[in-house]
Amino acid sequence: MPELIEVELYRQLAEGALDRAIAKVDAPDDWYLKRGTTAEELRAALEGRSFVQARRTGKWLLLDIGGDDGEPSGVLGLHFGMSGRLLVDGTGPIERLEYAPDRSEAKWDRFALAFDDGGGLRMQDPRRLGAVELDPDETSLGIEASTITPAQLRSVLARSHAPLKARLLDQNHIAGIGNLLVDEMLWRAGLDPARPASSLSPAELRRLHRHLRTTIAELTARGGSHTGDLHQARVRGSTCPKDGTPLERRTVGGRTTYSCPRHQR
DNA sequence: ATTGTGGCCTGCCCGC
DNA sequence: TGCGGGCAGGCCACAA
């Protein structure tokens, strides 16, 4: 469930891990290291160094590593899948994570760093769907959703025959939106998730852009992707909070989709 | 390139 | 009380 809202909270948390010398890397789960990254590589790249900046694009948290000469020497990329949590010095910004257990168990620790000062950074992920990578491919990520412009959104959707929802979930074109956010913004915008992406009129495009930006901003202020007005109705047999129509549940773009057949057109 | 499908992973919850 | 199956969603490999 970590979508860009949750990962942004993790990024802010990670600012508390900057400029602290890394004493030890603990990468106990090889499966969790992706795209050829190895535990040995991580130790070589991180031990004795420190992070100089905490960035985010879409659902990726990107920690710039400072080199011996003070110049950036690499990037540690963290991805949280749907059940990944970030903890710095044992505490995190999110207590309850949708679709993940509330508890904390040591066996869910997939990656950890110990700092010289005795603190640490830890990634917990019960379902192991997250990832740790050294120098992740940032160029393949699409436009950051939270700041996308109307013209950029138009170009993302242009000439695509994929369902609107599938396109908005495609991280290679627009980065950061997950299944909960997309259902919420399409519900607010009154757009059918199954519409071909390129079928929106100029007025509908403007409407979608406005709701995309305000949905992200509002749910950020409320504290998470699960705080949308549609969210409590994302269960079987519920009705539209807007007009009371029985909600439709189907698969669009390979994902469970709730929408209102009456006002989403 | 684009789009769709199945699979991965694990914990939880339901019905029997 | 135990067990099996379905489900959740992020993303990747693969097929057409």
Side-chain angles (χ1 to χ4, degrees), chain A residues 1-10 28-37 56-62 77-86 94 96-111 123-133 136-142 144-145 155-186 193-199 219 224-228 230-238 247 249-259:
Chain A
M1 197 268 313
E3 307 184 24
L4 71 83
I5 293 175
E6 285 74 25
V7 181
E8 175 60 23
L9 291 173
Y10 292 156
D29 187 354
D30 282 342
W31 193 89
Y32 210 67
L33 311 179
K34 298 293 161 66
R35 274 172 46 97
T37 296
R56 177 189 64 79
T57 298
K59 301 172 189 175
W60 279 94
L61 176 56
L62 304 161
L78 304 180
H79 196 282
F80 297 90
M82 72 168 282
S83 59
R85 295 170 190 271
L86 186 69
I94 295 172
R96 279 191 302 122
L97 197 56
E98 207 74 3
Y99 310 116
D102 289 342
R103 311 189 306 286
S104 163
E105 293 192 16
K107 66 174 180 178
W108 296 335
D109 286 355
R110 309 300 177 191
F111 179 73
M123 233 179 127
Q124 270 195 351
D125 186 355
R127 303 196 182 173
R128 295 173 81 205
L129 287 168
V132 172
E133 286 182 22
D137 178 15
E138 298 182 42
T139 63
S140 70
L141 283 172
E144 163 66 26
S155 76
V156 163
L157 302 181
R159 291 177 300 282
S160 169
H161 293 161
L164 176 57
K165 168 166 174 169
R167 194 70 171 179
L168 292 171
L169 286 173
D170 187 339
Q171 304 298 306
N172 298 318
H173 290 96
I174 173 171
I177 299 173
N179 201 39
L180 300 184
L181 265 180
V182 74
D183 271 10
E184 176 78 16
M185 66 180 63
L186 291 175
R195 285 262 302 268
S198 57
S199 72
L219 271 51
S225 308
H226 61 291
T227 61
L230 177 67
H231 188 258
Q232 85 283 357
R234 289 185 87 264
V235 292
R236 283 186 171 86
S238 63
L247 284 183
R249 180 189 190 273
R250 57 190 157 150
T251 300
V252 178
R255 315 297 296 281
T256 302
T257 300
Y258 286 88
S259 62

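This structure is a prediction, so every number in the text was calculated from the model and none was measured. Throughout, a chain's letter reflects where its sequence line sits, starting with A, and its residues are numbered from 1.
- Within 4.0 Å of A/Gly81, counting heavy atoms only, lie sugar-phosphate atoms of the nucleic acid but no base atom.
- Contact annotation: A/Trp31 side-chain N/O to B/dC8 OP1/OP2 distance is not under 4.0 Å.
- With C/dC7, B/dT3, B/dC9 as the choices, the nucleotide that has an atom nearest any side-chain atom of A/Arg128 turns out to be B/dC9.
- Residue A/Arg85 contributes atom CZ, which lies 17 Å from atom P of B/dT10 at whole-angstrom precision.
- Proximity of A/His79 to the phosphate of C/dC11: a side-chain N or O atom is located under 4.0 Å from OP1 or OP2.
- Across every non-hydrogen atom of A/Tyr32 and A/His79, the tightest pair is OH-O, 4.0 Å.
- A/Met123 has its CE atom 14 Å from the C1' atom of B/dC9, to the nearest Å.
- For A/Arg127 and C/dG10, the shortest distance from a side-chain N or O to OP1 or OP2 is not below 4.0 Å.
- Contact annotation for A/Gly253: no contact, since no heavy-atom pair falls under 4.0 Å across all strands.
- B/dT3 atom C1' lies 15 Å from atom CG of A/Leu164, rounded to whole Å.
- For A/Lys165, no side-chain nitrogen or oxygen approaches OP1 or OP2 of B/dG4 to under 4.0 Å.
- No side-chain donor-acceptor contact under 3.5 Å links A/Arg249 and A/Ser238.
- In this structure the side chain of A/Trp108 never reaches within 4.5 angstrom of the side chain of A/Arg127, judged on heavy atoms.
- Put simply, CG on A/Asn179 is 9 Å from P on C/dA8, counting in whole angstrom units.
- Comparing the helix axis at one end of the helix from B/dT2-C/dA16 to B/dC16-C/dG2 with that at the other, each defined from 5 consecutive pairs, gives an inter-axis angle of 40° (nearest 10°).
- A close approach under 4.0 Å does not occur between any side-chain nitrogen or oxygen of A/Ser83 and OP1 or OP2 of B/dG11.
- Of the side-chain N and O atoms in A/Lys59, one or more sit less than 4.0 angstrom from OP1 or OP2 of C/dC11.
- Dashed line: the shortest gap from a side-chain N or O of A/Arg236 to OP1 or OP2 of C/dG6 is not under 4.0 Å.
- A/Lys107 comes within 4.0 angstrom of sugar-phosphate atoms only, judged by non-hydrogen atoms across all strands, and of no base.
- Between A/Asn172 atom CG and C/dC12 atom P there is a gap of 8 Å when expressed in whole angstrom units.
- Side-chain nitrogen and oxygen atoms of A/Arg35 include none within less than 4.0 Å of the OP1 or OP2 phosphate oxygen of C/dC12.
- Screening A/Lys165, A/Arg250, A/Arg234 for a side chain to side chain donor-acceptor pair (under 3.5 Å) involving A/Thr257 leaves a single residue, A/Lys165.
- If you take CZ of A/Arg110 and P of B/dG11, they are 8 Å apart, rounded to a whole angstrom.
- Atoms CZ (A/Arg167) and C1' (B/dG4) sit 14 Å apart, rounded to a whole Å.
- The shortest distance between side-chain heavy atoms of A/Ile5 and A/Thr227 does not fall below 4.5 Å.
- Taking 4.5 Å as the limit, some side-chain heavy atom of A/Arg56 sits within range of a side-chain heavy atom of A/Glu144.
- One atom, CZ of A/Phe80, and another, P of C/dC11, lie 12 Å apart when rounded to the nearest Å.
- Counting only heavy atoms from C-beta outward, the side chains of A/Leu219 and A/Glu3 never approach each other to under 4.5 Å.
- Of the candidate nucleotides B/dT3, C/dC7, B/dG11, B/dG11 has the atom lying nearest to any side-chain atom of A/Pro126.
- In this structure, the nucleotide among C/dA8, B/dG4, B/dT2 sitting nearest to the side chain of A/His173 is B/dT2.
- Within the 4.5 Å cutoff, no side-chain heavy atoms of A/Arg255 are placed close to those of A/Val182.
- At the heavy-atom level, A/Arg255 lies under 4.0 Å from base atoms of the strands shown.
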